[in-house]
There are 2 protein chains.
Amino acid sequence: MLTKSEENYIKEIYALEQINTEGVSTNLIAQKIETKASSVTDMLKKLAKKELINYQKYKGVKLNAEGKKIALSVVRKHRLWETFLVNKLNFSWDEVHDIAEQLEHIQSEKLTNQLDAFLNFPKVDPHGDPIPDVNGEFIAIKTVCLNELEVGEKGVFVEVKNDSEKFLKFLTKNNITIGSEIKVIDKEVFDDSYTIEIGEKQFNISESVIKNIYLKR
Amino acid sequence: MLTKSEENYIKEIYALEQINTEGVSTNLIAQKIETKASSVTDMLKKLAKKELINYQKYKGVKLNAEGKKIALSVVRKHRLWETFLVNKLNFSWDEVHDIAEQLEHIQSEKLTNQLDAFLNFPKVDPHGDPIPDVNGEFIAIKTVCLNELEVGEKGVFVEVKNDSEKFLKFLTKNNITIGSEIKVIDKEVFDDSYTIEIGEKQFNISESVIKNIYLKR
DNA sequence: ATATTTTTTTAGACTTGACTAAAAATAAGT
DNA sequence: ACTTATTTTTAGTCAAGTCTAAAAAAATAT
């Protein structure tokens, strides 16, 4: 059985692998987990000893099959709880992240699976992220980042890659919600901001917003 | 903010106070929490420093107002989660204790209160224990222990004072469930066992079972 | 009332997960 | 290629929560 801390490292390594593909660096983990590189090294040794990762000094780290299984189980729990909070307890999508960070560590396979059934086996969570099933499998919908769309192109907003309260509140305030049809009206070369159109309204959004919005073409 | 460990001590002290009334002893806490007396002493010092208990060396311990408030909040969460597991996720009453022990430490007042509302503000949990409301108040139903009933007397089983899986499975197997009408047919002076009647059936139960069954006369 | 037993506390040690500071390895720049 | 900068690891420390063993206080027994 793993500690909360070990699970958090595993989860973070998994998330970073999805972006980087190659081995994940100590510093990157430290930055994401908001800890020091030396602490990360300590934990990597521990996880290597438990045979959850492949780790060679100075060479970065990769989850092995067992590590990936654990990562997917934590992600599954996180996303199911988020779905529960929004769908059943009337939370909004910007309030659930921190609570799910706690709930994802509850140990009970039966609980996870009963919750899944209670929610009717949802395929995605309130942020559009896919929910792994009991075997760790999930449907990877083909999405493109908003910054890949050309001027004049449009797509449906299906997934957000930043679950922070501030960011999600900003989106809500501007009526940018999952399911919105977004059209790129103009790209500003000076600051990489875009003018987009949702419904009748046109407005400008900055690069840091753009890169967290994913759409179905 | 308190650690899981601190909350567990507070909760246990509260539970022991309900039985003992007088100050709770170090050894008793140690026994219940399954730890050593020396560890308890350490924790009592810590809780005293945080001003949650009144503690004098060698004199036992009592929760103060703030400590009691925390205890009630943990108890509230525990019992709400147990109710959720049984009423919404189809768990049986003997499976929920350990999971609720984990869930009771999740920190989010909003979560607790939304869960309460979702469950329709239940007054008792699946074991018949009263659930404190948002202000820590609960309805104390007047119950008597089965060992207080005279031969020929009957009552309705409303609360069980032992949440262990083994004990609850035993009750279920013998059809002794919350709401059952129980009549005392005979008391055996030799071993303090009782012959009781539920429905048509009569059978014998031991003293260790009797003392955990509480009824409404 | 004194000796014995029981309870409680103290002292010192261990583990987990973090930290700082310094050393070692790797990467980058000229 | 060699120096400088960056990244990563090592070494040593710390707090929380636990433990064992020993000392101190309180309770019990004769």
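Chain A is the first sequence line, chain B the second, and so forth, proteins listed ahead of strands; every chain is numbered from 1.
Between A/E6 atom CD and C/dA18 atom P the separation is 10 Å, expressed in whole Å. Counting to the nearest Å, the P atom of C/dT16 and the CG atom of A/N8 are 17 Å from each other. In this structure, A/M1 places its CE atom 14 Å from C1' of C/dT16, rounding to the nearest Å.
Residues passing the ring pair (Phe, Tyr, Trp, His ring centres under 6.0 Å) test with B/Y9: none are found, sequence neighbours excluded. The side-chain hydrogen bond (donor to acceptor under 3.5 Å, both in side chains) check on A/R79 picks up nothing, with sequence neighbours excluded.
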What is the per-nucleotide protein-contact pattern of nucleotides 7-13 of chain D, from the 5' end, where B denotes a base atom under 4.0 Å from a protein heavy atom, S denotes such proximity for sugar-phosphate atoms only, and - denotes neither? SBBB---
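Here side chain to side chain donor-acceptor pair (under 3.5 Å) pairs that include residues 47-65 of chain A, with residues two or more places apart or in two chains, are A/E6-A/K50. Among residues at least two apart or in separate chains, there is no side chain to side chain donor-acceptor pair (under 3.5 Å) pair with a member in residues 128-147 of chain B.
Of the candidate nucleotides C/dA18, D/dT18, C/dC19, C/dC19 has the atom lying nearest to any side-chain atom of A/K36.
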Throw together a table of side-chain donor-acceptor distances under 3.5 angstrom for residues 205-214 of chain A, partners on residues two or more places apart or in other chains.
unit_1 : atom_1 : unit_2 : atom_2 : d
A/S206 : OG     : A/S208 : OG     : 3.2
A/N212 : ND2    : A/S208 : O      : 3.0

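Panel note: side chain A/S73, backbone A/K69; no donor-acceptor pair is recorded below 3.5 Å.
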